[in-house]
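Worth knowing before you read on, the calculation uses all heavy atoms, side chains too, and leaves out hydrogens, waters and symmetry mates. We count residues from 1, following the sequence as given.
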Amino acid sequence: MTGERAPTTRDAILTQYRPIRASIQAVLAQAVSHCKKADFNRAAKQLNLVDEAQLEDEMIFNMLCDVALFEPNQRGRRVFDGFMRGRLATLDPPEQDVARRMGAAFVSIFRVADWHEHAGVWLEDLLAGGRRLWLLDESLEASAPEDMVIGMRLFDTGPFHAGFGIIVEPQEDLIAFCKEAAARGARLPLRASLAASLYADDILARSLPAVEHVEVPAAVVEALLRDVGLSPGTPVSPARRGRRWRR
């Protein structure tokens, strides 16, 4: 949880949160203009995009921008850090503070554990020992069922956490793989970053036609699990179509 004292009424909390929400959008709008074609190409490759027409989907376009801005390139550099060095002074003071905090944002897989007594929800970070975070997100608060598992990027605003980008529902096998690796203190068994993997799975699941369930022999499943360092019996599920939230 955060160290700054938060307001104690819903109206006061939302009065503090909504300008932060507006600052997030303003910072992202300016930061994305700092991306070059190579940054978008890198992000498109990580998301397994194969057709420019996919970018007509606003959600997919925002996933592309999120990965281009916040995931490091081959040299370990992030576009957002370059934006902060070159353009931070052009932002209004409240936006500068939000931008600095956004630079420390992280992606994880969370369970919606409960509703906060005033506003927002309590999240349980499934990849960090179940630590609880207070998230302010009016859309998620209004629509997410308890125990729902989500993947998202969020940051500490001071009194609470806020998210940006897109919220997705991860595939159950990805959740299981990542939880087991995190519990062992091992690297996540993903080819790309967690954010890119979450988004790519979501895009793929929505593009696949409905098919009949096909039984895969248990020996084949166990061999695949051993190849990625997971124990036999780790649950594996077919892709499912999840919900998205854009905030």
Nearest 0.5 Å, what's the [atom1]-[atom2] distance between [X] and [Y]?
{"X": "R21", "Y": "Q16", "atom1": "CZ", "atom2": "CD", "answer": "14.5 Å"}
{"X": "I175", "Y": "D201", "atom1": "CD1", "atom2": "CG", "answer": "10.0 Å"}
{"X": "L69", "Y": "C35", "atom1": "CG", "atom2": "SG", "answer": "4.0 Å"}
{"X": "L194", "Y": "M152", "atom1": "CG", "atom2": "CE", "answer": "12.5 Å"}
{"X": "L49", "Y": "I60", "atom1": "CG", "atom2": "CD1", "answer": "6.5 Å"}
{"X": "L136", "Y": "L14", "atom1": "CG", "atom2": "CG", "answer": "6.5 Å"}

Can you name the closest pair of heavy atoms from [X] and [Y] and give their distance?
{"X": "R87", "Y": "S33", "value": "NH1-OG, 4.1 Å"}
{"X": "R153", "Y": "A105", "value": "CG-CB, 3.9 Å"}
{"X": "F40", "Y": "A68", "value": "CD2-CB, 4.1 Å"}
{"X": "S193", "Y": "Q46", "value": "OG-OE1, 4.2 Å"}
{"X": "L91", "Y": "A99", "value": "CD1-CB, 4.0 Å"}
{"X": "A113", "Y": "E146", "value": "O-OE2, 3.0 Å"}

Exercise. Do the rings of Y17 and F160 sit parallel, tilted or perpendicular, given the 30° and 60° boundaries?
Worked result: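 Taking F160 first and then Y17, their aromatic rings stand perpendicular (interplane angle over 60°).
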Problem set entry | Check against side-chain contact (heavy atoms from CB on, under 4.5 Å), R191 and S197 | CA-CA 8 Å; R191 292 183 179 180; S197 300; over 6 Å; no
For this session: Would you mind checking if D39 and R42 are paired as a salt bridge, meaning a charged N to carboxylate O distance below 4.0 Å?
Result: yes
Exercise. Charged N to carboxylate O below 4.0 Å: is that the case for R77 and D81?
Worked result: no
Indicate yes or no: at least one non-hydrogen side-chain atom of [X] is less than 4.5 angstrom from one of [Y].
{"X": "V121", "Y": "W134", "value": "no"}
{"X": "L133", "Y": "D156", "value": "no"}
{"X": "V27", "Y": "F80", "value": "yes"}
{"X": "F110", "Y": "V149", "value": "no"}
{"X": "N48", "Y": "L204", "value": "no"}
{"X": "V98", "Y": "T157", "value": "no"}
{"X": "L64", "Y": "L55", "value": "yes"}
{"X": "M63", "Y": "I203", "value": "yes"}

Would you check if the side chain of [X] reaches a backbone N or O of [Y] as a donor-acceptor pair within less than 3.5 Å?
{"X": "Q54", "Y": "V50", "result": "yes"}
{"X": "W115", "Y": "E141", "result": "yes"}
{"X": "R187", "Y": "A181", "result": "no"}
{"X": "N62", "Y": "E58", "result": "yes"}
{"X": "H118", "Y": "T8", "result": "yes"}

For this session: Carefully, step by step, assess I13 and R10 under the rule side-chain contact (heavy atoms from CB on, under 4.5 Å).
Result: CA-CA 5 Å; I13 291 168; R10 181 176 180 83; 5.7 Å; no
Exercise. F70 and F164: aromatic ring centres closer than 6.0 Å?
Worked result: yes
For this session: Starting from the C-alpha separation in whole Å, work towards a yes-or-no answer on side-chain contact (heavy atoms from CB on, under 4.5 Å) for M102 and I24.
Result: CA-CA 8 Å; M102 289 170 65; I24 292 170; 4.2 Å; yes
For this session: Quick one: do R100 and E95 satisfy salt bridge (charged side-chain N to carboxylate O under 4.0 Å, His left out)? Show the steps, please.
Result: CA-CA 9 Å; R100 291 189 187 96; E95 293 173 359; over 6 Å; no
Exercise. So which pairs with a foot in residues 111-130 pass salt bridge (charged side-chain N to carboxylate O under 4.0 Å, His left out), sequence neighbours left out?
Worked result: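 Qualifying pairs: R111-E124, R111-D147, D125-R131.
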Problem set entry | Derivation of the side-chain contact (heavy atoms from CB on, under 4.5 Å) call for L154 and L123 | CA-CA 11 Å; L154 52 75; L123 297 180; 3.8 Å; yes
